[in-house]
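For reference, the structure discussed in these notes is given below.
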Amino acid sequence: MSKKEENGLLFIWIVSVVATLGSLYFSEIRHYEPCKMCWVQRIFMYPIVIMTTIAFIQKNARIAVTTAVFAIMGGSVSLYHYGIQKLSFLAESAPSCGAVSCTGQYINWLGFITIPFLALTAFILIAGASFYLMKASKTTN
(Lines give C-alpha, C1' and ligand atoms only; values in the text may rest on other atoms or scores of the structure.)
Protein backbone atom coordinates (compact mmCIF):
# COMPACT_ATOMS: atom_id res chain seq x y z
CA MET A 1 0.00 0.00 0.00
CA SER A 2 1.39 3.37 -1.00
CA LYS A 3 1.61 6.33 1.35
CA LYS A 4 -1.16 8.10 -0.65
CA GLU A 5 -3.48 5.13 -0.15
CA GLU A 6 -2.63 4.91 3.53
CA ASN A 7 -3.29 8.63 4.01
CA GLY A 8 -6.57 8.39 2.09
CA LEU A 9 -7.79 5.55 4.29
CA LEU A 10 -6.71 7.40 7.40
CA PHE A 11 -8.56 10.54 6.26
CA ILE A 12 -11.78 8.58 5.61
CA TRP A 13 -11.45 6.92 9.01
CA ILE A 14 -10.88 10.23 10.83
CA VAL A 15 -13.86 11.93 9.15
CA SER A 16 -16.16 8.98 9.86
CA VAL A 17 -15.02 8.74 13.50
CA VAL A 18 -15.55 12.47 14.06
CA ALA A 19 -19.01 12.27 12.44
CA THR A 20 -19.93 9.21 14.51
CA LEU A 21 -18.73 10.78 17.75
CA GLY A 22 -20.53 14.00 16.85
CA SER A 23 -23.82 12.19 16.33
CA LEU A 24 -23.38 10.34 19.60
CA TYR A 25 -22.56 13.61 21.36
CA PHE A 26 -25.79 15.20 20.12
CA SER A 27 -27.94 12.21 21.09
CA GLU A 28 -26.27 10.92 24.25
CA ILE A 29 -24.83 14.06 25.86
CA ARG A 30 -27.05 16.86 24.54
CA HIS A 31 -30.07 14.48 24.56
CA TYR A 32 -31.29 15.46 21.08
CA GLU A 33 -33.54 12.63 19.97
CA PRO A 34 -32.70 11.70 16.36
CA CYS A 35 -35.48 11.68 13.79
CA LYS A 36 -35.91 8.79 11.36
CA MET A 37 -33.81 10.45 8.66
CA CYS A 38 -31.00 11.03 11.17
CA TRP A 39 -31.08 7.31 11.93
CA VAL A 40 -30.78 6.49 8.24
CA GLN A 41 -27.76 8.78 7.97
CA ARG A 42 -26.21 7.01 10.95
CA ILE A 43 -26.84 3.65 9.28
CA PHE A 44 -24.64 4.79 6.41
CA MET A 45 -21.95 6.52 8.52
CA TYR A 46 -21.26 4.11 11.37
CA PRO A 47 -20.19 1.13 9.21
CA ILE A 48 -17.61 3.31 7.45
CA VAL A 49 -15.70 3.51 10.74
CA ILE A 50 -15.60 -0.28 11.04
CA MET A 51 -14.84 -0.86 7.35
CA THR A 52 -11.95 1.57 7.24
CA THR A 53 -10.52 0.30 10.53
CA ILE A 54 -10.36 -3.22 9.12
CA ALA A 55 -9.12 -2.00 5.72
CA PHE A 56 -6.35 0.03 7.38
CA ILE A 57 -5.19 -2.97 9.40
CA GLN A 58 -5.32 -5.20 6.31
CA LYS A 59 -3.74 -2.51 4.10
CA ASN A 60 -6.68 -2.84 1.70
CA ALA A 61 -7.40 0.32 -0.30
CA ARG A 62 -10.10 -1.47 -2.34
CA ILE A 63 -12.59 -0.61 0.41
CA ALA A 64 -12.80 2.82 -1.26
CA VAL A 65 -15.50 1.56 -3.62
CA THR A 66 -17.66 0.53 -0.69
CA THR A 67 -17.06 3.72 1.28
CA ALA A 68 -17.91 5.76 -1.83
CA VAL A 69 -21.24 3.93 -2.19
CA PHE A 70 -22.09 4.40 1.50
CA ALA A 71 -21.09 8.08 1.32
CA ILE A 72 -23.17 8.76 -1.79
CA MET A 73 -26.23 7.04 -0.36
CA GLY A 74 -25.86 8.69 3.06
CA GLY A 75 -25.09 12.02 1.46
CA SER A 76 -28.24 11.80 -0.64
CA VAL A 77 -30.33 11.31 2.49
CA SER A 78 -28.48 14.18 4.19
CA LEU A 79 -29.05 16.49 1.22
CA TYR A 80 -32.77 15.74 1.18
CA HIS A 81 -32.98 16.10 4.97
CA TYR A 82 -31.18 19.45 4.81
CA GLY A 83 -33.51 20.49 2.00
CA ILE A 84 -36.66 19.81 4.00
CA GLN A 85 -35.20 21.84 6.86
CA LYS A 86 -34.23 24.86 4.79
CA LEU A 87 -36.53 24.95 1.73
CA SER A 88 -40.17 25.74 2.46
CA PHE A 89 -41.54 23.98 -0.63
CA LEU A 90 -39.81 20.76 0.44
CA ALA A 91 -40.77 21.20 4.10
CA GLU A 92 -44.45 21.37 3.15
CA SER A 93 -44.26 18.00 1.42
CA ALA A 94 -41.96 16.39 4.00
CA PRO A 95 -42.92 12.90 5.10
CA SER A 96 -44.12 12.27 8.62
CA CYS A 97 -41.07 11.34 10.65
CA GLY A 98 -42.57 9.95 13.81
CA ALA A 99 -42.08 11.34 17.30
CA VAL A 100 -39.38 13.80 16.23
CA SER A 101 -39.98 15.99 13.19
CA CYS A 102 -37.42 15.74 10.40
CA THR A 103 -37.93 19.45 9.70
CA GLY A 104 -36.88 20.41 13.25
CA GLN A 105 -33.48 21.99 13.80
CA TYR A 106 -31.75 21.30 17.10
CA ILE A 107 -28.86 23.48 15.97
CA ASN A 108 -28.74 26.30 13.42
CA TRP A 109 -25.24 27.73 13.59
CA LEU A 110 -24.61 30.79 11.41
CA GLY A 111 -28.11 30.41 10.01
CA PHE A 112 -27.30 27.41 7.82
CA ILE A 113 -25.32 24.75 9.72
CA THR A 114 -27.67 22.04 10.96
CA ILE A 115 -27.02 18.42 11.90
CA PRO A 116 -27.91 17.13 8.39
CA PHE A 117 -25.56 19.77 6.95
CA LEU A 118 -22.75 18.45 9.15
CA ALA A 119 -23.51 14.88 8.04
CA LEU A 120 -23.62 15.98 4.39
CA THR A 121 -20.22 17.65 4.77
CA ALA A 122 -18.76 14.45 6.22
CA PHE A 123 -20.27 12.32 3.45
CA ILE A 124 -18.88 14.67 0.78
CA LEU A 125 -15.41 14.51 2.33
CA ILE A 126 -15.59 10.71 2.52
CA ALA A 127 -16.84 10.38 -1.06
CA GLY A 128 -14.10 12.71 -2.32
CA ALA A 129 -11.41 10.83 -0.42
CA SER A 130 -12.83 7.52 -1.65
CA PHE A 131 -12.60 8.64 -5.27
CA TYR A 132 -9.09 9.91 -4.64
CA LEU A 133 -8.20 6.56 -3.09
CA MET A 134 -9.64 4.66 -6.06
CA LYS A 135 -7.53 6.77 -8.42
CA ALA A 136 -4.41 6.34 -6.28
CA SER A 137 -4.98 2.56 -6.19
CA LYS A 138 -5.17 2.38 -9.99
CA THR A 139 -1.89 4.22 -10.44
CA THR A 140 -0.02 1.91 -8.05
CA ASN A 141 -1.40 -1.32 -9.52
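Both backbone and side-chain heavy atoms feed into the values below; hydrogens, waters and symmetry mates do not.
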What about [X] and [Y], same hydrophobic cluster or not, with Ile/Leu/Val/Met/Phe/Trp/Tyr joined at side-chain heavy-atom distances under 4.5 Å?
| X | Y | value |
| --- | --- | --- |
| V49 | I14 | yes |
| I107 | I29 | yes |
| Y25 | F117 | yes |
| V65 | M73 | no |
| I115 | I84 | no |

Which atom of [X] lies closest to which atom of [Y], heavy atoms considered:
| X | Y | answer |
| --- | --- | --- |
| C102 | H81 | O-NE2, 2.9 Å |
| R62 | N60 | N-OD1, 3.0 Å |
| F123 | I48 | CE2-CD1, 4.5 Å |
| A68 | M134 | CB-CE, 3.8 Å |

- [ ] Any pair with a residue in residues 120-133 that passes side chain to side chain donor-acceptor pair (under 3.5 Å), sequence neighbours left out, goes on the list, sorted by first then second residue, please.
- [x] T67-S130
Open item on the list: Enumerate the side chain to side chain donor-acceptor pair (under 3.5 Å) contacts for residues 12-21, please, sequence neighbours excluded, ordered by first and then second residue.
Closed with: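 Those involving residues 12-21 are W13-T53.
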Task: Step-by-step side chain to side chain contact (heavy atoms under 4.5 Å, CB included) determination, V15 to V18 - done: CA-CA 5 Å; V15 171; V18 168; 6.0 Å; no
Side-chain heavy atoms of [X] within contact of [Y], under 4.5 Å:
| X | Y | result |
| --- | --- | --- |
| K59 | E6 | yes |
| M51 | F70 | yes |
| I63 | T66 | yes |
| Y82 | L118 | no |
| I126 | M45 | yes |
| N108 | I113 | no |
| Y106 | E33 | yes |
| M37 | Y80 | yes |

Task: Steps toward side chain to side chain contact (heavy atoms under 4.5 Å, CB included) verdict (L24, Y46) - done: CA-CA 11 Å; L24 292 172; Y46 290 9; 3.5 Å; yes
Nearest 0.5 angstrom please: [X] [atom1] to [Y] [atom2], how far?
| X | Y | atom1 | atom2 | answer |
| --- | --- | --- | --- | --- |
| F89 | L87 | CZ | CG | 5.0 Å |
| S2 | L133 | OG | CG | 8.0 Å |
| L79 | I72 | CG | CD1 | 12.5 Å |
| Q85 | S101 | CD | OG | 8.5 Å |

Open item on the list: If you count heavy atoms of other groups shown closer than 6.0 angstrom to NZ of K4, is the number above 12?
Closed with: no
Task: Residues that C35 engages under disulfide bond (SG atoms under 2.5 Å apart), provided they are two or more places apart - done: none
Any donor-acceptor pair under 3.5 Å linking the side-chain atoms of [Y] with those of [X]?
| X | Y | value |
| --- | --- | --- |
| Q41 | S78 | yes |
| E5 | S137 | yes |
| T114 | Q105 | no |

Task: Side-chain donor/acceptor of R42 to backbone N/O of S23, under 3.5 Å - done: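 Here the side-chain-to-backbone pair exists.
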TODO: Using the six-membered ring wherever Trp is involved, compare the ring planes of Y32 and F26 and label them parallel, tilted or perpendicular (cut-offs 30° and 60°).
DONE: parallel
